[in-house]
Amino acid sequence: ARTDDALAFLAGRVILGPPLGEGHPLEIARALVDDIDGFTRIPKRTADALREKGLIVSPDPDNADYVYRVADLARLAGRKYAKKRNLIKNCLDANRCEYESITPGLVAECVDLQQRWCRARDCGRDPGLCKENAAVLEAFAHYEDLRLLGGAVRLNGRNEAFVLGEELHP
């Protein structure tokens, strides 16, 4: 959706992430009031700005576990990451684990994994997962054109995890 000063990305009737542009999130919400129910996955500063203007802001703990500092994940130091360290140790002890960069030859295996994951979670019943699945499949369909980067993890020879990304700055 576009307002005079901003661009907002909608997932159904919810603005996904902070709007792009100059407008204040509250002004954008007012401009789109008939088209939206709220925001999701917004930064703390945006949530604070909306709260200051009297809007109800609710945390989304189901998605909070996806936000980490890169340096923290690289080291996994401290008590906060003890569970993650134990999970990694248990996995390494029980499996032959290998990491490899995603190349065009590995894309088909990653698509297969995405489809297995989606079937296991019944993505067709959840509009958010359905759209996420479509986006992942589209990304893999244009993996080289988009110049994406990725990695895959094999457990005992079978692709069981992948990650996709892109270079933001040289």
When rounded to the nearest 0.5 angstrom, what is the spacing between CZ in Arg158 and CG in Leu113?
8.0 Å
Looking at CG of Asn156 and CG of Asn95, how far apart are the two atoms once the value is rounded to the nearest 0.5 Å?
4.5 Å
At what distance, to the nearest 0.5 angstrom, does CG of Leu76 lie from CG of Asn86?
11.0 Å
What pair of heavy atoms forms the shortest contact from Ala152 to Asn159, and how long is it?
CB-OD1, 3.8 Å
Could you check whether any side-chain heavy atom of Gln115 comes within less than 4.5 Å of a side-chain heavy atom of Val111, counting everything from C-beta outward?
yes
Atom of Thr3, atom of Ala31 and distance for their closest heavy-atom approach:
CG2-CB, 3.8 Å
In terms of side-chain geometry, is the basic nitrogen of Glu160 or Arg154 positioned less than 4.0 Å from the acidic oxygen of its partner?
no
Can you tell me which residue among Tyr99, Phe140, Tyr143 is in a ring-ring contact (aromatic ring centres under 6.0 Å, His included) with Phe162?
Phe140
Is there side-chain contact between Pro43 and Thr46, with at least one heavy-atom pair below 4.5 Å?
yes
Are Glu98 and Val153 packed together at the side-chain level, in the sense that at least one heavy-atom pair is separated by less than 4.5 angstrom?
no
Side chains of Tyr81 and Leu87 in contact at under 4.5 Å (non-hydrogen atoms):
no
So NZ of Lys84 and CG of Leu73: to nearest 0.5 Å the spacing works out to 7.5 Å
Side chains of Leu146 and Glu166: closer than 4.5 Å at any heavy-atom pair?
no
Taking Cys118 and Cys123, which are both Cys, do their SG atoms fall under 2.5 Å of each other?
yes
If you group Ile, Leu, Val, Met, Phe, Trp and Tyr by side-chain heavy-atom gaps below 4.5 Å, do Leu164 and Leu106 land in one group?
yes
How many angstroms lie between CZ in Arg75 and CZ in Arg85, if you round to the nearest 0.5 Å?
12.5 Å
Please say whether more than 12 non-hydrogen atoms of neighbouring residues, nucleotides or ligands are located less than 6.0 Å from CZ in Arg116.
yes
NZ/NE/NH1/NH2 to OD/OE distance under 4.0 Å, Asp122 and Arg125
yes
Of all heavy-atom pairs linking Ala8 and Ile28, the shortest is CB-CG2, 4.5 Å
Do Leu155 and Val163 share a hydrophobic cluster (ILVMFWY, side-chain heavy atoms under 4.5 Å, transitive)?
no
Under 4.5 Å between side-chain heavy atoms, hopping through other hydrophobics if needed: is there a path connecting Phe9 to Ile42?
no
Residues passing the disulfide bond (SG atoms under 2.5 Å apart) test with Cys110, sequence neighbours excluded, are none
So, taking the atom named CG in Asn133 and the one named CD in Glu138, what distance separates them when rounded to the nearest 0.5 Å?
11.5 Å
Look at the side-chain heavy atoms of Ile, Leu, Val, Met, Phe, Trp and Tyr, link any pair under 4.5 Å apart, and say whether Leu137 and Val107 land in one connected group.
yes
